[in-house]
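All chains are named by letter (A, B, ...) in the order of the sequence lines, taking the proteins before the strands, and each is independently numbered beginning at 1.
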Amino acid sequence: MKYHFNEIEAKWQKYWSEHQTFKAENHADKPKFYVLDMFPYPSGAGLHVGHPLGYIASDIYSRFMRHKGYNVLHPMGYDSFGLPAEQYAIQTGQHPAKTTEANITTYRRQLDQMGFSFDWSREVRTSDSDYYKHTQWIFIQLFESYYCKDSDQARPIAELIEVFTQEGNTRINAVCDEDTPVFSASEWGAYSDVEKQEVLLKYRLTYLSDTEVNWCPVLGTVLANDEVVNGVSERGGHPVVRKKMKQWSMRISAYSERLLQGLDGLDWTDNLKEMQRNWIGKSVGASIAFKIQHSAFSIEVFTTRPDTLFGVTFMTLAPEHELVAQISTEAQRSAIQNYIEATAKRSERDRMSDVKTISGVFTGAYALHPFTGEQIPIWIGDYVLAGYGTGAVMAVPAGDDRDYAFANFFKGQVGMSDIKNIFDQDISETAFTDKGGFKLQNSDFLNGLDYKEATYKIIAELEKIGAGSAKVNYRLRDAVFSRQRYWGEPFPVYYKEGMPQLIASEHLPIILPEVEKYLPTDDGKPPLGNAHTWAWDTIQNKVVSNELINHQTIFPLELNTMPGWAGSSWYFNRYMDAHNKTSFASVEALQYWKDVDLYIGGSEHATGHLLYARFWQKFLFDRGYVPVDEFAKKLINQGMILGMSAFVYRWDYESTNNRQKTIFVSKNKMESIVQERAQAGMKADNEKKWSQFTPIHADVSFVNASDELDIEALKNWRPEYKDAEFITEANGKFFVNREVEKMSKSKYNVVNPDDICTQYGADTLRMYEMFLGPLEQAKPWNTAGITGVHGFLKKLWRLYHNGLEESFFVSNEPASADSLKTLHKTIKKVDEDITNFSFNTSVSSFMICVNELTEQKCNQRAILEPLAVLLSPYAPHIAEELWEQLGHSNSISNAAFPVFDEKYLVESTKNYPISFNGKMKFTLELPLDLTQEEVKNIVLNHEKTQQILEGRTPKNVIVVPGKIVNVVG
RNA sequence: GCCUUGGUGGCGGAAUUGGUAGACGCGCUGGACUCAAAAUCCAGUGCUAGCAAUAGCGUGUGGGUUCGAUUCCCACCCAAGGUACCA
């Protein structure tokens with residue numbers, strides 16, 4: 001009986017679907033376990049072999065936990081709002097919803113054929129109004145909240161209004177805009193309605209403000225910093241300019257400290273947590289004001305080393321700093337101006353990559369030291385960034401490498417005084433940057449103090465004279481939440497007298513309107529500006545035609561939409577109760593599932609999605625809508641599967657009769673071609689010989705495992721290659737060059753899982769992807785080894801069928817000790833491996849297990865039945881089929897995982913490696929119950945030992961019981 | 001520059017708290033079966049020398065600790081990912 005994987009897989013996929021085998025209930029006697037994958041954006045290209053890597057891992061874990069007796073929630077859905085569908089709509093006019101729907105159909109088919117145990121009854125799509133209704137609802141809650149620093153949580157904005165009415169805002173300790181005015185109760189009362197709304201916006205957790213953004217005129221949209229590369233858009237390479245726009249922002253900065261602290265309790269990888277820490281960028285220090293001599297201005301700096309205040313020898317301002325123009329002296333003005341212009345011309349990337357070059361100009365002005373009154377020259381330099389801190393630093397060369405380098409570079413010039421050593425340490429070569437291991441000197445009242453003592457003291461003294469105070473600075477900025485796009489969630493917002501008004505929750509969802517075209521309007525409004533029915537009727541509470549706008553009862557709606565991360569910042573909660581009509585999930589469901597126990601996804605979301613989602617979860621927690629304030633206990637990042645691009649080298653030249661010819665040259669022939677050309681008297685520029693060949697991506701499907709190209713396939717690929725010549729190797733073969741790159745349609749290196757499923761089956765694909773290497777490691781896709789895994793499954797099948805002779809062949813006789821040992825060894829290993837996410841090594845263990853059992857001619861139920869369960873997380877289809885053949889009528893998916901029993905592995909002897917000076921020379925089988933002394937004697941009296949020692953007496957013999965013997969001497 | 005991770009055969013990769021380096025798979029070589037191919041099975045396969053027994057070398061490089069180091073420590077080189085000249 002042959003292993004017909006295609007039939008078996010189709011059969012069980014149908015069974016699982018019909019029996020709803022993986023449907024999770026929101027209550028159970030069993031403990032809960034929630035396994036989540038980062039949901040995909042359904043792109044037009046479909047899934048490639050890289051996508052399933054994480055899904056296979058999470059599926060193995062889910063199935064494993066079901067066998068272990070957990071009530072497992074393992075859902076899947078689609079992050080279905082996004083730019084590609086919109087750009088396709090712009091090009092073709094096809095509605096993004098239609099494109100998205102079609103893509104989802106493909107994704108679903110592909111996911112199904114890989115045998116994932118998803119609970120599809122809980123599927124979510126962020127672009128469904130049933131879903132984004134709740135995204136809009138969360139937005140409303142954010143708008144209706146402020147961040148109270150006293151209780152360190154988000155609270156209803158109504159509380160704030162209450163206090164404003166009673167006593168103004170003088171005693172309010174809340175996160176707000178920097179320009180928030182201070183007012184009394186009577187002033188508040190005197191504010192107009194619009195003024196009140198303006199003040200409240202400065203406190204709301206989502207607020208409207210003028211934000212400097214990266215505006216891309218061609219795309220008609222704002223881009224995130226990481227979507228801008230080198231001053232042009234990442235997509236399409238269109239120019240990007242800085243522009244101020246009214247935008248919705250999320251006050252994520254209010255949560256900086258909690259986002260940072262929360263990381264400690266999470267079982268996420270250290271490097272990912274470190275990335276988030278760096279992104280949040282907390283620095284503790286002090287803010288210090290320096291008066292400028294002969295001027296009313298003062299410069300505020302932020303420093304992490306206030307203890308070094310007496311070591312300040314100059315100050316540096318960012319060239320963009322607003323005071324530069326006002327304080328520069330006449331003599332320095334032109335030099336300053338030149339420097340500012342030169343800096344403006346340098347791109348960000350330039351300034352960043354070129355950290356070694358030191359540059360700066362003296363302004364001619366001086367600041368005054370807050371304690372000594374000494375003159376401190378003020379410089380400008382491009383190493384100081386306008387966007388961080390205050391855009392000004394106090395430079396202490398003794399304690400900072402950059403300041404040290406700067407001071408040395410300009411040593412002796414006007415405005416650069418000598419370095420002052422304030423440490424009892426040598427600074428003749430480099431600055432002393434450690435925050436410890438020193439005592440201060442030359443530092444007035446700080447002399448003799450260490451870092452901690454001095455920091456405490458200086459802040460106290462600064463506060464006394466009103467020149468500074470302790471300050472914590474975060475790098476994390478508020479997140480812009482508006483997008484000038486069509487295919488996103490509409491805001492539940494209309495505008496009255498220019499102020500945003502929120503639509504009450506009971507009228508949600510506000511459905512995305514139809515538009516004729518998906519581009520920005522001619523007057524630069526976002527695509528929703530094209531909608532005709534996009535006004536809010538406050539009487540009827542519904543969306544009505546724009547023509548009815550009267551600014552009395554009917555108002556224009558917001559034209560921006562929400563960004564991609566809106567829908568993905570809370571979807572894990574929706575899965576808990578995906579069909580709830582009244583709220584995003586019921587209290588009971590949220591209480592039951594609480595949080596994600598295991599989250600698997602790519603590390604590229606480290607500082608985007610994973611930070612925003614944590615922020616929303618904390619907010620929802622503060623307002624009592626979710627029971628926990630971190631949504632994912634454990635997170636694993638799967639590595640990227642890379643493609644093996646195939647390059648052919650094209651060589652265009654004009655032949656003697658001036659005809660353009662296209663020639664493709666096999667990989668190893670290029671060198672000799674160049675030489676031939678040289679001999680034939682053609683111009684052969686050795687410097688440039690490789691550049692004469694243009695590398696071209698060939699579709700990887702034209703190339704076999706030995707890098708040999710199917711020439712006919714390439715010729716038929718493009719009309720212009722039809723008549724191309726091919727210079728092959730001596731054996732007539734044509735080889736391509738291989739390079740590892742990211743898998744992408746444009747590189748023609750995408751490998752589709754469909755073909756592999758057809759050729760080898762889903763079980764083979766699942767096991768092979770795991771076998772490729774450690775889950776978290778990036779690795780190139782290479783099908784070369786897939787036959788090994790496929791062969792293993794065939795061998796497994798034969799184990800249950802006595803070769804291919806009989807239909808089924810399992811005996812009820814007791815199993816041999818050897819077989820039991822093999823089985824239990826495997827149980828132990830697989831259990832440990834899954835727990836440690838070391839899936840690649842358990843595939844090896846399965847191979848060893850089946851090899852051994854085959855050797856033992858094992859056919860006992862006592863072995864083969866538990867083995868099927870053991871294997872079922874990895875290769876669920878074949879496991880189900882074998883399980884059925886073993887006589888079970890229920891799915892294997894809830895069978896108990898075999899329990900490891902130590903007794904089968906107990907050994908009475910050990911094959912000891914006998915090493916001499918650490919080098920293993922031979923092995924010796926010895927009983928384990930011998931004493932160390934007995935082992936020593938046996939080894940020393942062994943003939944081989946005598947041989948190796950050649951009569952010498954060993955200095956020492958190390959016996960590690962059960963491990964090794966080492967003879968020294 | 002800084003942070004993180006990594007560097008082991010022809011290739012993907014194994015190796016518990018320091019204890020037989022190279023598991024498992026691919027590839028390769030030879031053999032069996034077959035008219036032949038596919039499939040399957042058997043044997044071998046780190047490198048160098050040798051018919052062989054065997055010897056020497058060997059986990060990026062150079063040191064160190066240890067009876068013993070892929071594993072621990074120091075210095076350095078290289079690669080990948082992240083990033084912020086962050087005061």
For Asn637(A), give me all partners under side-chain contact (heavy atoms from CB on, under 4.5 Å), at least two apart in sequence or on another chain. Thr269(A), Leu272(A), Ser603(A), Leu635(A)
Using atom P of each nucleotide, how far apart are C77(B) and U70(B) to the nearest Å? 23 Å
With a non-hydrogen cut-off below 4.0 angstrom, is Lys794(A) in contact with a base, only sugar-phosphate, or nothing? sugar-phosphate
Ring centers of Phe410(A), Phe314(A) separated by less than 6.0 Å: no
Which value, rounded to the nearest 0.5 Å, describes the distance between Tyr451(A) atom OH and Thr308(A) atom OG1? 9.5 Å
Please tell me which of Lys828(A) and Val960(A) maps to the more 5' nucleotide of RNA chain B, matching each residue to the nucleotide holding its nearest heavy atom. Lys828(A)
Residues which pass side-chain contact (heavy atoms from CB on, under 4.5 Å) with Asp267(A), listed by chain and number, not counting sequence neighbours: Lys634(A)
Tell me what Val968(A) touches on the nucleic acid: a base, only sugar-phosphate, or nothing, going by heavy atoms under 4.0 Å. sugar-phosphate
Rounded to whole Å, the CD1-P distance (Ile914(A) to G19(B)) equals 17 Å
Rounding to an integer number of angstrom, what distance separates A69(B) and G60(B) when you compare their C1' atoms? 16 Å
Which residue in the set Asn840(A), Ile834(A), Thr835(A) passes side chain to side chain contact (heavy atoms under 4.5 Å, CB included) when paired with Ser838(A)? Asn840(A)
Using a 4.0 Å heavy-atom cut-off, does Gln777(A) contact any base of the nucleic acid, only the sugar-phosphate backbone, or nothing at all? sugar-phosphate
Among residues 837-848 of chain A, which contact RNA chain B at a heavy-atom distance under 4.0 Å? Asn840(A), Thr841(A), Ser844(A), Met847(A), Ile848(A)
Does the side chain of Arg402(A) get closer than 4.0 angstrom to OP1 or OP2 of C86(B) through an N or O atom? yes
For Glu852(A), the side chain to side chain donor-acceptor pair (under 3.5 Å) test, sequence neighbours excluded, returns Thr822(A), Lys825(A)
Taking A87(B), C85(B), U20(B) as options, the one with an atom nearest any side-chain atom of Tyr383(A) is C85(B)
By side chain to side chain donor-acceptor pair (under 3.5 Å), which residues pair with Thr303(A), not counting sequence neighbours? none
Atom NZ of Lys795(A) and atom OH of Tyr3(A): how far apart are they, to the nearest 0.5 Å? 15.5 Å
Ignoring hydrogens, what is the shortest heavy-atom contact between Asp478(A) and Ile252(A)? Give both atom names and the distance. OD1-N, 3.4 Å
Span that lies between the C1' atom of G27(B) and that of G12(B), in whole angstrom: 11 Å
Measure from the side chain of Ile964(A), starting at C-beta and using heavy atoms only, and say which of C24(B), G82(B), G19(B) lies closest. G19(B)
Quick check for you: among U20(B), C85(B), C24(B), whose closest atom lies nearest to any side-chain atom of Met920(A)? U20(B)
Nearest of A87(B), G68(B), U83(B) to any side-chain atom of Asn966(A)? G68(B)
Could you measure between the two P atoms, the one in C72(B) and the one in U20(B), and give it in whole Å? 16 Å
Range-with-range stems for RNA chain B, at least three Watson-Crick or G-U pairs under 3.5 Å: B:1-7 with B:77-83, B:10-12 with B:24-26, B:27-32 with B:40-45, B:46-49 with B:54-57, B:60-64 with B:72-76
What does the list of N/O pairs under 3.5 Å between the protein and nucleotides 41-50 of chain B look like, with a distance for each?
residue: C41(B); atom: OP1; partner: Arg798(A); partner atom: NH2; Å: 3.1

Can you measure from CG (Leu853(A)) to OH (Tyr800(A)) and round to the nearest 0.5 angstrom? 8.5 Å
With C1' as the reference atom in both, quote the distance from C47(B) to C73(B) in angstrom, rounded to an integer. 30 Å
Looking only at the side chain of Thr304(A) (C-beta and beyond, no hydrogens), which of the listed nucleotides G82(B), A87(B), G25(B) gets closest? A87(B)
Would you call G9(B) syn or anti, using the 90° rule around 0? syn
Can you find a side-chain donor-acceptor pair between Ser253(A) and Tyr474(A) that sits under 3.5 Å? no
Nearest-Å distance once atom C1' is located in both C24(B) and G9(B): 14 Å
Which nucleotide in the list G25(B), C86(B), U20(B) gets nearest to the side chain of Phe771(A)? G25(B)
Where the side chain of His801(A) meets the backbone of Trp797(A), is there a donor-acceptor pair that is under 3.5 Å apart? yes
Quick one: label Asp401(A) by what it contacts on the DNA or RNA (base, sugar-phosphate, nothing), any heavy atom closer than 4.0 Å. nothing
Distance between P atoms of A14(B) and A23(B) (Å, rounded): 13 Å
For C86(B) and Arg475(A) - does any side-chain N or O of the residue sit under 4.0 Å from the phosphate oxygens OP1/OP2? no
Inter-residue atom distance Met315(A).CE - Ile299(A).CD1, 0.5 Å rounding: 4.5 Å
Sorted by first residue and then second, give each salt bridge (charged side-chain N to carboxylate O under 4.0 Å, His left out) pair with at least one member in residues 837-850 of chain A; sequence neighbours left out. none
Distance check, C1' atoms only: C78(B) and U59(B), in whole angstrom units. 16 Å
Whether the side chain of Arg402(A) engages the backbone of Ile358(A) through a donor-acceptor N/O pair (distance < 3.5 Å, no angle test) should be reported. no
Under 3.5 Å, which protein N or O atoms sit close to an N or O of nucleotides 2-6 of chain B? Give each pair with its distance.
residue: U4(B); atom: O2'; partner: Asn271(A); partner atom: ND2; Å: 3.2

For Trp781(A), check ring-ring contact (aromatic ring centres under 6.0 Å, His included) against everything at least two apart and list the hits. Tyr768(A)
Candidates G19(B), U20(B), A87(B) - which lies nearest the side chain of Val384(A): A87(B)
Would you tabulate the nitrogen or oxygen pairs shorter than 3.5 Å linking the protein to nucleotides 74-76 of chain B?
none

If I take atom CD1 from residue Ile958(A) and atom CD from residue Gln932(A), how far apart are they, to the nearest 0.5 angstrom? 9.5 Å
Could you check which of A87(B), G12(B), C26(B) has an atom nearest any side-chain atom of Thr787(A)? C26(B)
Toward the 5' end of RNA chain B, by each residue's nearest nucleotide, Lys829(A) or Ile958(A): Lys829(A)
With hydrogens left out and only the distance checked, is there a donor-acceptor pair under 3.5 Å joining Lys963(A)'s side chain and the base of U17(B)? yes
For Leu772(A), answer base if it contacts any base atom (sugar-phosphate contacts may also be present), sugar-phosphate if it contacts only those atoms, and nothing otherwise; contact means non-hydrogen atoms under 4.0 Å. sugar-phosphate
Are Ile380(A) and Thr363(A) side-chain neighbours, meaning at least one heavy-atom pair lies under 4.5 Å? yes
Report the residues that fulfil side chain to side chain donor-acceptor pair (under 3.5 Å) with Lys282(A), sequence neighbours left out, ordered by chain and then residue number. Glu257(A)
